[in-house]
4 protein chains.
Amino acid sequence: MARGRKVNSNGERSKQLLREKAIELFASNGYYQTKISDIVKAANVTQPTFYLYFDSKDSLFIDLNEQFQLNLFRLFEEHPGQNVAHFHQVIINLLQYFSENPLLTKIGLYQSEESYLVKERLVEKFEHILERQKQYFSKLEQMDIHIISQSLVGSIERLTFTLLLTNKKTVDQLTEELLSIYFVKEELLTYAR
Amino acid sequence: MARGRKVNSNGERSKQLLREKAIELFASNGYYQTKISDIVKAANVTQPTFYLYFDSKDSLFIDLNEQFQLNLFRLFEEHPGQNVAHFHQVIINLLQYFSENPLLTKIGLYQSEESYLVKERLVEKFEHILERQKQYFSKLEQMDIHIISQSLVGSIERLTFTLLLTNKKTVDQLTEELLSIYFVKEELLTYAR
Amino acid sequence: MARGRKVNSNGERSKQLLREKAIELFASNGYYQTKISDIVKAANVTQPTFYLYFDSKDSLFIDLNEQFQLNLFRLFEEHPGQNVAHFHQVIINLLQYFSENPLLTKIGLYQSEESYLVKERLVEKFEHILERQKQYFSKLEQMDIHIISQSLVGSIERLTFTLLLTNKKTVDQLTEELLSIYFVKEELLTYAR
Amino acid sequence: MARGRKVNSNGERSKQLLREKAIELFASNGYYQTKISDIVKAANVTQPTFYLYFDSKDSLFIDLNEQFQLNLFRLFEEHPGQNVAHFHQVIINLLQYFSENPLLTKIGLYQSEESYLVKERLVEKFEHILERQKQYFSKLEQMDIHIISQSLVGSIERLTFTLLLTNKKTVDQLTEELLSIYFVKEELLTYAR
DNA sequence: TATGAATGAGTATTCATTCAT
DNA sequence: CATGAATGAATACTCATTCAT
């Protein structure tokens with residue numbers, strides 16, 4: 001009945017491990033079907049250890065989501081040049097981010113109950129971008145920018161989960177396709193440079 | 001409350017009521033956060049009454065999903081003319097169906113764990129349709145039909161939840177927008193008649 | 001939703017049918033694993049019908065046991081001649097009774113929680129008989145009649161369930177064996193006539 | 001009562017306590033009338049604690065039965081000398097075992113639904129023993145060994161429950177009686193030395 | 001830092017029994 | 001005589017969380 005600190009144990013490592021295992025399990029099984037007992041089993045520690053580093057199951061989940069959102073929306077802040085290239089670049093950055101954080105993306109964009117807020121914010125971001133670029137695309141003028149943005153977010157979400165995170169398509173391939181769906185290609189080519 | 005039969009009680013009515021309340025609760029709170037106790041409270045009966053009509057919480061949920069899917073895929077069987085109008089009509093029928101069954105749609109297309117299978121099947125349906133109509137659209141020839149279908153399903157899902165089920169847009173408005181996003185409008189108008 | 005009396009239905013018949021099905025089910029599955037719902041299903045009536053004829057599950061079970069016991073102990077009252085033949089005859093009657101009422105025997109001698117009382121009474125009966133016949137058997141004189149009676153009842157119970165009710169042996173065969181176990185055969189033969 | 005670990009608590013002790021209380025309750029009330037809530041109340045712990053140590057009510061019951069059977073049939077393996085003394089010794093060992101484990105015996109030989117299997121195996125064991133000892137007893141030659149074994153097991157069961165476990169007779173007394181019932185005493189005495 | 005041990009509060013499900021028709 | 005419909009009271013089992021060491 002040995003108790004107390006494991007030899008070779010290390011707080012940060014345990015916390016990180018728990019976090020990783022939690023991400024894996026939340027991503028593949030969802031919030032409700034992931035038990036604390038599953039997480040600690042995967043991390044090879046006991047349940048009280050979990051509470052040493054996280055306040056609760058819920059707070060950990062919220063943490064993960066915040067991390068996902070923070071990094072996600074940072075992508076929209078970094079580009080000063082507000083032209084067509086911006087839009088192109090944003091898509092690439094987005095897909096790149098999803099591709100590099102597949103599990104967190106699954107959680108933050110799909111499993112979480114507040115993922116719908118994330119997507120609402122994404123829609124707003126795209127609205128701003130499209131609004132500014134209206135001038136370049138005859139197509140946009142005739143259409144409701146809000147609807148286009150919503151549709152675009154739907155497309156991105158779906159392509160991400162079915163083709164990007166499954167490694168069936170690359171970031172570049174999907175970006176290309178998205179642009180050709182949402183914009184007349186020739187125009188795009190013209191202005192994108 | 002005394003035991004036994006209620007005055008004026010009727011089995012079919014009780015079952016229907018339970019079903020409706022279950023749909024409402026599953027749609028707004030999700031599977032795991034909807035308790036049998038919530039459902040029966042909403043229907044003003046006791047827990048054993050639930051089991052009089054349904055085998056389990058799970059089997060009821062599965063039932064609802066099957067009903068949703070059955071009616072959904074029936075929409076794809078009814079149109080003999082395989083031209084552009086078909087595509088147009090399918091989108092209208094789909095949105096119409098979602099619009100008429102908002103809660104079941106939320107369950108079957110979003111809450112359910114097998115909603116991803118439904119969407120996969122939708123993608124396949126669209127692939128078939130687009131494949132047949134390839135000839136009419138120069139745009140289609142250059143693009144991957146699978147990706148377009150995926151994107152389309154993503155768009156439909158998102159527009160449905162954010163604009164259709166919230167009554168912000170009509171079926172016709174969204175159909176129009178979807179067509180103009182996924183097809184060059186002029187071509188469409190030409191061939192659609 | 002037809003309700004009320006079935007055509008061709010008959011109270012006595014329903015009651016008898018319920019009783020029979022209950023006996024079958026109690027005998028094979030035991031009291032706790034036999035549900036009222038099982039009984040009525042087997043009898044092809046509804047649950048309230050059960051309560052039309054019996055007060056409760058428990059009271060029916062008690063009834064069955066009382067019937068079993070009544071007929072059982074009647075077997076001990078009918079024989080005026082108090083000699084060795086009496087003993088022989090009692091065994092035969094007992095086994096005969098068990099053999100003719102296999103299901104009720106299973107219930108009353110095995111499933112019931114008060115079966116131990118039945119067996120206690122059987123032991124007493126045998127004690128009386130053996131007490132009176134002590135004189136004829138040298139073997140008996142040296143032994144504790146109570147223990148012999150207990151042992152005899154144990155033997156009878158076991159042989160009944162494993163060999164009589166399974167039709168592997170006849171009443172006569174088992175009687176013969178029991179007598180030869182519990183009495184020296186030659187003596188028996190001598191006095192039994 | 002506060003949550004978490006009790007002062008001075010010890011897992012093995014709790015488990016053992018639950019086991020003991022379960023044995024007591026199963027033995028006196030039977031499987032179906034023993035509720036988990038009864039067991040934990042008797043052990044002064046809460047329900048989740050029960051599941052900390054046992055998988056389910058059923059699995060605990062099965063465990064107890066297996067323990068009973070394991071120790072029981074071990075009694076038959078230990079005697080190399082295959083003569084009359086063996087038989088004598090087996091009876092003594094058996095009764096000794098029952099006498100030392102009265103509650104477990106009640107469960108394993110009476111309450112359990114698979115107790116009939118245990119008794120079947122006991123019958124087989126006795127058949128083997130008697131088969132080998134046939135030569136010594138003229139009585140055995142004329143009789144069906146299977147029936148004798150069945151009868152013997154019935155006798156043992158009954159004497160155990162009514163006289164041994166109630167402390168009315170000792171192991172030795174009952175062994176003596178059983179031998180004198182099932183064998184002609186003089187012969188026995190002759191060969192047993 | 002970490003564990004062994006325990007629990008409060010649910011949570012789905014079952015069953016005998018009863019009332020209204 | 002019989003049924004359709006309903007319920008009170010359990011009952012086994014689960015899970016996030018916490019205390020003592």
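Per chain, numbering begins at 1; letters A, B, ... match sequence-line order.
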message: Going by side chain to side chain contact (heavy atoms under 4.5 Å, CB included), name the residues that satisfy it together with B:Asp58, two or more places apart in sequence or in a different chain.
response: B:Tyr31, B:Ser56, B:Ile62
field: Candidate nucleotides F:dT17, F:dA12, E:dA6, ranked by approach to the side chain of D:Ser9 - the nearest
entry: E:dA6
query: Are side-chain heavy atoms of D:Phe26 and D:Lys106 found at a separation under 4.5 Å?
result: no
message: Tell me the interatomic distance from D:Ile39, atom CD1, to F:dA12, atom C1', rounded to whole angstroms.
response: 11 Å
- line: Separation of F:dA12 atom C1' from D:Gln33 atom CD, nearest Å, is 17 Å
query: Within less than 4.0 Å of OP1 or OP2 of E:dG8, is there a side-chain N or O belonging to D:Thr46?
result: no
task: For atom CZ of D:Phe73, decide whether the heavy atoms of other residues, nucleotides or ligands shown that lie under 6.0 angstrom number more than 12.
output: yes
- prompt: Between E:dA5 atom C1' and D:Asn44 atom CG, what is the distance in whole Å?
  reply: 14 Å
field: Given DNA chain F, 5'-ward residue of the pair B:Ser14 and D:Val7, judged by closest heavy atom
entry: B:Ser14
query: Can you tell me how far CZ of D:Arg19 sits from CG of D:Leu60, rounded to the nearest 0.5 angstrom?
result: 7.0 Å
message: Assuming nearest nucleotide by heavy-atom distance, tell me which of A:Ser37 and B:Gly4 is located more 5' along DNA chain F.
response: B:Gly4
task: Could you identify which residues of residues 48-63 of chain B place a heavy atom less than 4.0 Å from some atom of DNA chain F, listed by residue number, or say none?
output: B:Pro48, B:Thr49, B:Leu52, B:Tyr53
message: With a sphere of 6.0 Å drawn around CG of D:Asp55, does it hold more than 12 non-hydrogen atoms of other residues, nucleotides or ligands?
response: no
field: Options E:dG4, F:dG8, E:dT21, nucleotide nearest the side-chain atoms of D:Arg5
entry: E:dG4
task: Give a yes or no on whether the ring-centroid distance for A:Phe61 and A:Tyr32 is below 6.0 angstrom.
output: no
- line: Whole-Å distance, B:Lys35 NZ to E:dT11 P, equals 4 Å
task: Output yes when at least one side-chain N/O atom of D:Lys6 is less than 4.0 Å from OP1 or OP2 of E:dT7, else no.
output: yes
task: Go through DNA chain E and write down every stem, that is, every run of at least three consecutive Watson-Crick or G-U wobble pairs with distances under 3.5 Å, as range with range.
output: E:2-21 with F:2-21
- prompt: What integer distance in Å separates D:Arg3:CZ from F:dT14:C1'?
  reply: 13 Å
message: We want to know whether B:Glu157 and B:Tyr110 form a side-chain donor-acceptor pair, criterion being a heavy-atom distance below 3.5 angstrom.
response: no
message: Can you measure A:Gln47 atom CD to E:dT7 atom C1' for me and round it to whole angstrom units?
response: 13 Å
field: Close side-chain approach of D:Gln47 and D:Lys35, heavy atoms under 4.5 Å
entry: no
message: Looking only at the side chains, is there a donor atom on one of D:Thr34 and D:Asn29 sitting less than 3.5 Å from an acceptor on the other?
response: no
- request: In whole angstrom, give the distance that lies between atom CG of C:Leu17 and atom P of F:dC1.
  value: 16 Å
query: Quick one: A:Ile36 CD1 to F:dT14 C1', roughly how many Å, whole number?
result: 14 Å
